[in-house]
Amino acid sequence: MATVVVVDDETDLRLLLGIALRRHGFDVVAEAVDGDDGLATVESLRPPVPDVVVLDNRMPGMSGVELAAVLRDRRPEVMVVLFSAFLDRETEAAAAEAGVTMCVGKDRLTDLPEILAGLLAEHAA
């Protein structure tokens, strides 16, 4: 079972995302309310957990792209998916440079479990 940490400042979205992921067999091991909390949360978990961090970009404090860059340096084995309502070419380019595996729009909430399963399958191959 793949383990996931969800980082988003919107409580309702964290709840919905957690429900969607759990229904598709993912183990949501932690949630965080912003980038700083996300970093502390991921660092408190011992490898091999988590497999994936799903994070928003626009949050108070450290942005998702900034958090992704830190995670790339500190936990390079962790897959990072930027899950944002505000994706443009500039954000996607910055995300790629920061080590984000994939950018997914929040309008694709119901597709996200399948997207993550596909990414994990590719990574395992």
At their closest point, which heavy atom of [X] faces which heavy atom of [Y], and how far apart are they?
| X | Y | result |
| --- | --- | --- |
| Cys103 | Ala95 | SG-CB, 3.6 Å |
| Arg14 | Asp8 | NH1-O, 2.6 Å |
| Arg75 | Pro50 | NH2-CD, 3.8 Å |
| Leu120 | Ala2 | CD1-CB, 3.4 Å |
| Gly61 | Asp36 | CA-OD2, 4.0 Å |

For this session: Could you identify which residues cluster with Leu45, counting Ile, Leu, Val, Met, Phe, Trp and Tyr as linked when any side-chain heavy atoms lie under 4.5 Å apart, either directly or through a chain of such contacts?
Result: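 Joined to Leu45, directly or through intermediates: Val5, Val7, Val29, Leu39, Val42, Val49, Val53, Leu55, Met59, Met62, Val65, Leu67, Val70, Leu71, Val78, Val80, Leu82, Leu87, Val100.
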Problem set entry | Passing candidate, side chain to side chain contact (heavy atoms under 4.5 Å, CB included) with Val6, options Val28, Leu13, Leu15, Leu16 |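 With Val6 as partner, side chain to side chain contact (heavy atoms under 4.5 Å, CB included) holds for just one option, Val28.
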For this session: Scan Thr101, Val52, Asp111 and name whichever one has a side chain to side chain contact (heavy atoms under 4.5 Å, CB included) with Leu116.
Result: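 The single option meeting the side chain to side chain contact (heavy atoms under 4.5 Å, CB included) with Leu116 is Val52.
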Point-to-point distance, once rounded to the nearest 0.5 Å, from [atom1] of [X] to [atom2] of [Y]:
| X | Y | atom1 | atom2 | value |
| --- | --- | --- | --- | --- |
| Leu17 | Arg22 | CG | CZ | 9.5 Å |
| Arg108 | Ile115 | CZ | CD1 | 3.5 Å |
| Phe83 | Asn57 | CZ | CG | 13.0 Å |

Exercise. With sequence neighbours excluded, what pairs up with Pro76 under the side chain to side chain contact (heavy atoms under 4.5 Å, CB included) test?
Worked result: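 By the side chain to side chain contact (heavy atoms under 4.5 Å, CB included) rule, Pro76 matches no residue at all.
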So with a 6.0 Å cut-off around [atom1] of [X], is the heavy-atom count from everything else above 12?
| X | atom1 | answer |
| --- | --- | --- |
| Glu10 | CD | yes |
| Asp88 | CG | yes |
| Glu90 | CD | no |

Problem set entry | Main-chain N/O of Glu97 paired with Arg72 side-chain donor or acceptor, under 3.5 Å |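 Present.
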Exercise. Should Ile19 and Leu112 be counted in the same cluster of Ile, Leu, Val, Met, Phe, Trp and Tyr side chains packed under 4.5 Å apart?
Worked result: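 Different clusters.
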Problem set entry | salt bridge (Lys or Arg N to Asp or Glu O under 4.0 Å) contacts in which one or both residues fall within residues 38-58, not counting sequence neighbours |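 Pairs touching residues 38-58 that pass the test: Glu43-Arg74, Asp56-Lys106.
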